[in-house]
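Hydrogens, waters and symmetry mates play no part in the numbers below; they use all other heavy atoms, side chains included.
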Amino acid sequence: MKINDALSGLLVALFAVVLWIASSRLPAMGQDIGPNVFPQALAGGLMICAVLLVLRGLRGLRKTRSSHGSTISTISTTGADDQDAHWFTLPDWFGSRHAVLAFLLVPASLLFYIWVSEPLGFLPTAVVLLLVLFLTFRTRLMVAVPVALVSALIIHTIFYKLLKVPLPWGILTPLAW
């Protein structure tokens, strides 16, 4: 999805204002240059970028309206070359059911992990998630199964043994190492 630069600029400006306000509440350290200086300088730079983005996006909209008349739609469903002429442009794959399902499956897998990892355990949950994602993205079954198993074991070993992150064992608690 291509979002017009004017909308992106408004989001950056909002972030800059929130950053400025939050940094102005930092405690003073008894010096002229305190902990608020760098965040406020960053907020000022972000605001400059936001203004430039808004101007660029509005210029693209204005240029297209003047060349096509004032009845132009502000939503495009094709990946046209004049993407700045619309508020947002939907990608070409948006018309494919499989592509939309694959896209939505990624955040759904995160929710699945949050809900299921404690009772089921990290290893079974990771294997199921990786296997479903591999098969959804059209990986052959003969490749997906061993890669899902080995990847889950490697990830578990790295986090559990090397980084000392306690991962849930779930149904595999009797086999915990």
Side-chain angles (χ1 to χ4, degrees), residues 1-27 35 38-39 42-43 45-46 49-50 53 57 73-80 83-84 86-177:
M1 173 184 290
K2 165 77 168 87
I3 299 173
N4 187 290
D5 287 339
L7 293 177
S8 300
L10 290 174
L11 289 175
V12 171
L14 178 67
F15 178 69
V17 168
V18 169
L19 181 61
W20 183 278
I21 292 170
S23 63
S24 68
R25 294 182 180 169
L26 292 172
F38 180 71
L42 185 63
L46 284 172
C49 292
L53 279 170
S73 170
T74 57
I75 300 175
S76 174
T77 54
T78 61
Q83 290 180 347
D84 281 338
H86 308 284
W87 287 110
F88 63 91
T89 304
L90 298 176
D92 292 333
W93 60 263
F94 198 72
S96 167
R97 274 190 174 169
H98 182 267
V100 172
L101 172 71
F103 176 77
L104 293 175
L105 191 60
V106 174
S109 66
L110 293 173
L111 292 175
F112 176 78
Y113 178 81
I114 290 169
W115 290 328
V116 175
S117 65
E118 286 293 327
L120 192 58
F122 174 81
L123 284 171
T125 304
V127 169
V128 168
L129 280 177
L130 288 171
L131 192 58
V132 168
L133 288 170
F134 285 148
L135 294 176
T136 301
F137 291 116
R138 297 186 175 140
T139 304
R140 293 179 313 177
L141 186 63
M142 296 302 291
V143 174
V145 170
V147 170
L149 287 169
V150 171
S151 298
L153 285 171
I154 290 173
I155 292 168
H156 185 273
T157 302
I158 289 171
F159 278 91
Y160 193 75
K161 293 289 186 180
L162 297 176
L163 299 175
K164 306 289 187 207
V165 175
L167 295 173
W169 282 98
I171 61 173
L172 298 178
T173 302
L175 303 174
W177 62 76

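In terms of the side chain to side chain contact (heavy atoms under 4.5 Å, CB included) criterion, residue partners of A99 (sequence neighbours excluded) are, by chain and number, W93, S96. Taking R138 as the reference, H98 meet the side chain to side chain donor-acceptor pair (under 3.5 Å) condition, with sequence neighbours excluded. Not counting sequence neighbours, F15 has no partner by the ring pair (Phe, Tyr, Trp, His ring centres under 6.0 Å) test. Residues passing the side chain to side chain contact (heavy atoms under 4.5 Å, CB included) test with V145 are L131, L141, L149, sequence neighbours excluded. With sequence neighbours left out, the side chain to side chain contact (heavy atoms under 4.5 Å, CB included) criterion links V132 to L105, V128, T136. Residues passing the side chain to side chain contact (heavy atoms under 4.5 Å, CB included) test with L42 are L19, L46, sequence neighbours excluded.
Between atom CD1 of residue I171 and atom CG of residue L120 there is a gap of 5.0 Å, rounded to the nearest 0.5 Å. A distance of 6.0 Å separates CG in L153 from OG1 in T157, rounded to the nearest 0.5 Å.
When all heavy atoms of A6 and N4 are compared, the closest pair comes out as N-OD1, 2.7 Å. Taking every heavy atom of both residues into account, P35 and P27 meet most closely at CG-O, 3.4 Å. What you find for P39 and S23 is that their closest heavy atoms are CB-CB, 3.4 Å.
No donor-acceptor pair under 3.5 Å is formed between the side chain of T139 and the backbone N or O of L135.
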task = Show your working on side-chain contact (heavy atoms from CB on, under 4.5 Å) between L175 and L172 and close with a plain yes or no.
result = CA-CA 5 Å; L175 303 174; L172 298 178; 3.9 Å; yes
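Sorted by first and then second residue, the ring-ring contact (aromatic ring centres under 6.0 Å, His included) pairs with a member in residues 134-166 read F122-H156, H156-Y160, H156-W169, H156-W177, Y160-W169; sequence neighbours excluded. Every pair tested for side-chain hydrogen bond (donor to acceptor under 3.5 Å, both in side chains) that includes a residue from residues 99-121 fails, sequence neighbours excluded, so the list is empty.
Partner T125 forms a side-chain contact (heavy atoms from CB on, under 4.5 Å) with one of L123, V127, L129 and no other, that one being L129.
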